[in-house]
Undergrad: 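Starting off with a structure, shown below.
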Amino acid sequence: MASNYQSVGYVRVSSLDQNTARQLVGIKLDKTFEEKISGKDRKRPELEKMLSYIREGDHVYVHSMDRLARNLKDLLDLVNEITDKGCTIHFVTKNLVF
């Protein structure tokens, strides 16, 4: 029986001249949300789209915690929001899974 979950990537760099290519290399993703915007503000268009897109059972992949959030409160809130939806979040560089 095929699984219905998706592997979803969230990739972020802080400015337009930075390259996202090194993030999530070698991970097979069904959909990727990519932003070139500062992480200081939680209100980011592609982050909001990703949070609306994911469904129970999905796996979310992020290169590192600082790509998802720039402060501990936002990081905790986002991890909780993702896991409360029944999704798993993977921080690739530290091999952390929640």
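All heavy atoms count here, side chains included; hydrogens, waters and symmetry mates do not. Residues take their numbers from the sequence shown, with the count starting at 1.
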Undergrad: Report yes or no: does S7 contribute a side-chain atom to a donor-acceptor pair with the main-chain N or O of D30 at less than 3.5 Å?
TA: no

Undergrad: Would you mind reporting whether T93 and H63 have side-chain heavy atoms less than 4.5 Å apart?
TA: yes

Undergrad: Atom NZ of residue position K40 - does it have more than 12 heavy atoms of other residues, nucleotides or ligands inside 6.0 Å?
TA: no

Undergrad: Decide if atom CG of N95 counts as having more than 12 heavy atoms of other residues, nucleotides or ligands within a radius under 6.0 Å.
TA: no

Undergrad: Which atom names give the shortest non-hydrogen contact between I37 and R12, and what distance separates them?
TA: O-NH1, 3.0 Å

Undergrad: Say whether, by atom type as modelled, one donor and one acceptor occur between the side chain of D58 and the main chain of I54 under 3.5 angstrom.
TA: no

Undergrad: Quick check, are the ring centers of Y61 and F91 under 6.0 angstrom apart?
TA: no

Undergrad: Can you measure from CD (E34) to CE (M50) and round to the nearest 0.5 angstrom?
TA: 13.5 Å

Undergrad: Considering only NZ, NE, NH1 and NH2 on the basic side and carboxylate oxygens on the acidic side, decide whether K49 and E35 come within less than 4.0 Å.
TA: no

Undergrad: Can a salt bridge be assigned to the pair R70 and D74 using a cut-off of 4.0 Å between side-chain N and carboxylate O?
TA: no

Undergrad: For V92 and V62: C-alpha separation, side-chain torsions, deciding distance, then whether side chain to side chain contact (heavy atoms under 4.5 Å, CB included) applies.
TA: CA-CA 6 Å; V92 177; V62 182; over 6 Å; no

Undergrad: Hey, does Q23 have a side-chain heavy atom less than 4.5 Å from the side chain of R67?
TA: yes

Undergrad: Minimum heavy-atom separation for E48 and R42, please, with both atom names.
TA: OE2-O, 3.7 Å

Undergrad: Are Y53 and V60 linked, directly or through intermediate hydrophobic residues, by side-chain heavy-atom contacts shorter than 4.5 Å (ILVMFWY only)?
TA: yes

Undergrad: Measuring from C87:SG to H59:NE2, what's the distance to the nearest 0.5 Å?
TA: 8.5 Å

Undergrad: Following the transitive rule for hydrophobic clusters with a side-chain heavy-atom cut-off under 4.5 Å over Ile, Leu, Val, Met, Phe, Trp and Tyr, establish whether V11 and L68 coincide in one cluster.
TA: no

Undergrad: Once rounded to the nearest 0.5 Å, what's the spacing between atom CG of L24 and atom CD1 of I27?
TA: 5.0 Å

Undergrad: Indicate yes or no: at least one non-hydrogen side-chain atom of V79 is less than 4.5 angstrom from one of I82.
TA: no

Undergrad: For the side chain of K85 and the backbone of L51, is there at least one donor-acceptor N/O pair under 3.5 Å apart?
TA: yes

Undergrad: Please check if F33 and I89 belong to a single hydrophobic cluster, counting links between Ile, Leu, Val, Met, Phe, Trp and Tyr side chain heavy atoms closer than 4.5 Å.
TA: yes

Undergrad: Mind checking whether V8 and L47 sit in one hydrophobic cluster, side chains of I, L, V, M, F, W, Y counted as touching below 4.5 Å?
TA: yes

Undergrad: Going hydrophobic residue to hydrophobic residue with side-chain gaps under 4.5 angstrom, can you get from Y5 over to V97?
TA: no

